[in-house]
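Below is one structure, written out as structure tokens, with a few remarks after it.
For clarity, every value in this text was computed on a predicted model and none was experimentally measured.
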Amino acid sequence: MSNGRRQASTVGWSAGRRGGAVVGGAATALWPLLGPDRLPISGGYAPAGVARTWSPRGQVQVHWHVPTDEPLVALTFDDGPGPWTPMVLDALDRADAPATFFMVGERLTRAPELVRGRLDRHEVGNHTWAHRDLAQLDEAGVRDQLTRTHDAIHRLLGRSPTLMRPPWGHLGGSTLTVVDELGYDVVMWSQQMRETMFQADPPAQVRDIVDNAKPGTIVLAHDVGGPDRLVALRQIGAFIDGFRARGLKPVTVSELLAARRSGPPGPSPAGR
């Protein structure tokens, strides 16, 4: 190969590499817009409130735990109602303990008889219509998921929920603006059942939760899901007995919020 041909080949190969890099970089940049986890272009991560429905609050409260001086904890159950929900309610009745159920509207509409007439001591929250990832929905999609569930809970159970929990704990800007508009507070969690870790030793799941609970804890469980969920659901009485043995009283999330410490917060762990 002559020097001229070799130089031309080298230049062409270099240009190809540069072109490939440009194309690859563009594809990488476009992936958030085109891929399966694409962000909602019409406002999923909205930094501003919704001007046409400007709420009186202009803010959203998000709770992972509740700073309180009272010895209270809140048990919460997500994703129901389902076939295991009556078993959960039976266990709570035997223990004379309340809980908060974040319900999926579609499932409630299909089987309201699972919970109708059984929720007097309990609280009901909104967990969307179809367990959609709200962080990937635009404002209209979030509003549809929440209002349909709100209406179903009101129609079928005679309740008007004031708390919501986003599936998987995923929050986007559109979720926050719609939640503000609808007057909800957002409830996350500070402890979570990890059933797959304790399938061979369910009592260890009880110890993991009870030993690490403290006043203001919000515990996440699920009354719908795979068989591993039963590791926790069959131990509800043991959880409650364990809390009480440590001087902790199970309450609903709203009862826990009502016990929030009114004074200034104490020092953070990092500041001690």
State plainly whether the residues D144 and R148 are in salt-bridge range, i.e. N to O under 4.0 Å. yes
With a 3.5 Å cut-off and no angle check, do the side chains of R159 and H150 form a donor-acceptor pair? no
Note, P98 side chain near E255 side chain (heavy atom, < 4.5 Å): yes
Name of the residue among T68, L72, L256 meeting side-chain contact (heavy atoms from CB on, under 4.5 Å) with P215: T68
Report, as yes or no, whether the 6.0 Å neighbourhood of atom CZ on R118 holds more than 12 heavy atoms from other residues, nucleotides or ligands. yes
Residues D201, R207: salt bridge by 4.0 Å N-O rule: yes
Pair R260-H63, side chain to side chain donor-acceptor pair (under 3.5 Å): steps then yes or no: CA-CA 11 Å; R260 175 181 289 272; H63 308 278; 3.1 Å; yes
Transitively linked via ILVMFWY side-chain contacts under 4.5 Å: V251 with L257? yes
Would you mind listing every side chain to side chain donor-acceptor pair (under 3.5 Å) that reaches into residues 98-108, with sequence neighbours excluded? T100-E123
Counting only N and O atoms by type, is there a donor-acceptor contact under 3.5 Å from the side chain of T147 to the main-chain atoms of R143? yes
Centroid-centroid distance, F101 to H122, less than 6.0 Å: yes
Would you say Q191's side chain and I218's backbone share a donor-acceptor pair under 3.5 angstrom? no
Between the side chain of R57 and the main-chain N/O of Y184, is any donor-acceptor distance below 3.5 Å? yes
Below 4.0 angstrom, N of the basic side chain to O of the carboxylate: do D211 and R246 qualify? no
F198: which residues meet the ring-ring contact (aromatic ring centres under 6.0 Å, His included) condition with it, sequence neighbours left out? none
Any donor-acceptor pair under 3.5 Å linking the side chain of T76 with the backbone of V219? yes
Would you check if the side chain of S174 reaches a backbone N or O of D138 as a donor-acceptor pair within less than 3.5 Å? no
N-O pairing of R229 and D78 below 4.0 Å: no
CA sep, side-chain torsions, deciding dist, call: D223, T85, side chain to side chain donor-acceptor pair (under 3.5 Å): CA-CA 6 Å; D223 53 334; T85 307; 2.8 Å; yes
Would you say the rings of W168 and H131 are close, in the sense that their centroids are separated by under 6.0 Å? yes
Short question: side chain of T109, backbone of G105 - any donor-acceptor pair under 3.5 Å? yes
With the 4.5 Å side-chain cut-off for hydrophobic clustering, are M193 and V253 part of the same group? no
